[in-house]
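Take a look at the structure below.
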Amino acid sequence: MLEKLFKLKQNNTSLKQEAVAGLTTFLTMAYIIFVNPMMLADAGMDHGAVFVATCLAAALGCLIMGLLANYPIALAPGMGLNAFFTYTVVGEMGYSWETALGAVFMSGVCFLILSLVKIREWIVNSIPMSLRFGIAAGIGLFLALIGLKSAGIVVASPATLVTMGDITSFPAMMAALGFFLIIAMVQRGLKAAVIFSILIVTVLGLLFGDVQYNGLVSMPPSIAPTFMKMDLSSVLEVSMLSVVFAFLFVDLFDTSGTLVAVAQRGGLLDDKGRLPRVKRALTADSVATITGAALGTSTTTSYIESTAGVSAGGRTGLTAVIVGLLFIAALFVSPLAGMVPAYATAGTLFYVAILMMSGLINVEWDDLTEAAPVVVTCLLMPLTFSIANAIGLGFISYAMIKLLTGRFKDLNAGVLVVAALFLIKFIYG
Ligand SMILES: Nc1ncnc2[nH]cnc12
C-alpha cells in the first residue's frame, strides 16, 4: 500500500530512508511548537490553544502535502508570517487577533483560488528576482530583531532609537549561548541542533531557578480559546483588504521560494525546471492555511527546513506524512512547551535570520538599480518593524529607480500596479 501511495521504488527510496528523512525534517523544524505559541501569545492569544493549533495545522499540512502531492515537503505555521500577525497587524495596526485570524483565513481562500486558476504563477513571475531575495532577507532581519529584543540584547533608547542592553544579564547570556550552540551543532552536522539548543538553554534556566518545572508530558491543553474564533465580519471592510492582501502577498513569496528551493535540492524539478504537481502542492499549502486559521494560528506554509530531510534521502510524500505523525505526537509535550523561556528561542530566531539572508548572494550587486531596492526592502523591514510596509517601499523604489534610469525593459505591469497600489496606500492611509 505504501508503494502504491508514494511510489517508493520509482523514486529510488525505501520506507527506512523516508522515515529517517521525516525524523530529520521534524527535528529541524520542531522549534516552531515552542516559538509560535510564544509569539502569538504576544498578540493576546492563549498559549496552550495556540500550541495545539500549531501542532494540528502542521500535522494536517504535512499529511495533505504527502498524500495529495507526494512531495517530501513539510508544513507548519511560518516564521515571519507569525511576526507579521503579532507585531504588525495586531500590535501596530491595532486589529484584534480574531480579526487577524479572519484575514489569514481569507488570504488562504484567495491563495487557493489563485493557485487553481494559474493567476498565482503570473503574479509570482512578475516580481523581480532581486526583490524576492530582498524580502526573504528582510524577514530574516526582522526575526533577528525580535529575538534580540526578547533577550534584552537590543533595547530602546530615547537618544538613538536602539542601543545595546545589558548583555551580561541572564537572559542575554543564555540567548547568546543558545545561538552559539546552534551554529556549532549545525556546523558539526547535527540535524537536531535547534531543538537541542532550545532544550539545553531551558534546562539551564531550570538549574538557575529562572524557569519553573511544569512536567514534560500531559494530555494536550484545550484548543477552545482559539478554535473557530476568527472574525470574518470585519475582513470585508476596505481597510482590512490591505491586510488580507499583505498576508497573501508574503505567503506567495514565501511558498514559491520555498517550494523551488526544496525541489531543487531534492532533484524534484522536471527538465524545464518546473515542479510537476505544483497545483497540488499549492493546494496543500492553502488548505493548511485555511484550516490553521480556523484552529487558531497564523499562516501555515511550506518549510525551507524540508531540505534537511531531502538531504537525508527523503524523496516522496511519505517523508511529509512521517513529519505529520510526529507533530501529532508532539501534542503531548505541552508542559515542556509552556516552560521554554523566550531567551531559549532567541538564538533560533537569529539562526533562521542567517538562513533567510543567504539568498542575498544572488543579488546583482554591480547593478545599482537592482541592489538599491533590495537594500531598501531588507533594511526597512526591521527599521519600520513592518514586513508589509517594507515590501511596499521596495516595490516603489524599484519602479522609481528603473523609471528614472530609463531601464523600462526591467519593468512589467505587475510591478507597476503593485508599486502604484502601495503608493496610494501610503498617501491616503
Ligand atoms: N516562513 C517560512 N518559510 C519557509 N520556511 C520557514 N521556516 C520557518 N519559517 C518559514
Side-chain angles (χ1 to χ4, degrees), residues 24-40 54-55 57-58 61-62 65 71-88 104 107-108 111 124 132-144 146-147 182 186 191 193-195 197-198 246-266 275 281-282 284-286 288-289 292-293 297-311 320 323 327 345-359 378 381 387-388 390-391:
T24 305
T25 295
F26 176 76
L27 288 175
T28 58
M29 64 189 285
Y31 66 83
I32 196 64
I33 63 176
F34 305 122
V35 178
N36 205 45
M38 203 180 289
M39 205 173 286
L40 298 195
T54 303
C55 293
C62 294
M65 180 66 83
Y71 279 130
I73 298 173
L75 293 90
M79 296 289 290
L81 291 149
N82 53 6
F84 177 63
F85 181 102
T86 296
Y87 301 110
T88 304
V104 172
S107 73
F111 196 176
V124 171
R132 296 186 213 185
F133 295 122
I135 291 167
I139 294 175
L141 289 172
F142 187 61
L143 292 172
I146 292 167
I182 293 176
V186 170
K191 297 289 187 264
V194 175
I195 196 94
S197 157
I198 292 177
F247 272 122
L248 180 64
F249 207 65
V250 179
D251 195 17
L252 274 178
F253 288 111
D254 207 317
T255 304
S256 325
T258 308
L259 288 182
V260 170
V262 179
Q264 249 168 3
R265 181 73 69 92
L275 189 66
L282 293 169
D285 199 288
S286 38
T289 292
T297 174
S298 51
T299 311
T300 305
T301 189
S302 304
Y303 254 46
I304 194 78
E305 284 85 347
S306 310
T307 44
V310 167
S311 306
V323 180
F327 269 113
T345 55
T348 307
L349 296 177
F350 212 95
Y351 170 62
V352 176
I354 299 172
L355 298 183
M356 299 190 82
M357 290 191 72
S358 61
C378 69
M381 218 171 276
I387 296 177
I391 292 180

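All of these numbers come straight from a predicted model, not from anything done at the bench. Atoms within each ligand, like the ligands themselves, are counted from 1 in listed order.
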For Ser302, which part has a heavy atom under 4.0 Å from ligand 1: side chain, backbone, both, or neither? backbone
Set of residues satisfying side-chain contact (heavy atoms from CB on, under 4.5 Å) with respect to Phe133, sequence neighbours excluded: Met129, Asn362, Val363
Give a yes or no on whether the backbone of Gly309 and the side-chain of Thr25 come within a donor-acceptor separation of less than 3.5 Å. yes
Check ligand 1 against Tyr31 and write out every atom of the ligand that is under 4.0 Å from a heavy-atom position of the residue. 7 (N), 8 (C)
Give the C-alpha distance, both sets of side-chain angles, the deciding distance and a yes or no for side-chain contact (heavy atoms from CB on, under 4.5 Å) between Asp254 and Thr299. CA-CA 11 Å; Asp254 207 317; Thr299 311; over 6 Å; no
Measure up the Phe327 and Phe26 rings against each other and bin them: parallel (under 30°), tilted (30 to 60°), perpendicular (over 60°). perpendicular
Ignoring hydrogens and geometry beyond distance, is a side-chain donor-acceptor pair present between Asp251 and Ser107 at under 3.5 Å? no
Please list the nearest protein heavy atom to atom 2 (C) of ligand 1 with its residue and the distance rounded to 0.1 Å. Asp254 OD1, 3.3 Å
Under 4.0 Å from a heavy atom of Glu305: which atoms of ligand 1 are those, numbered in the order shown and with their elements? 5 (N), 6 (C), 7 (N), 8 (C)
Considering only the protein, which heavy-atom contact is closest to atom 5 (N) of ligand 1, and what is its distance? Ile304 N, 2.9 Å
Going by heavy-atom distance to atom 10 (C) of ligand 1, choose the closest among Met29, Met356, Met79. Met79
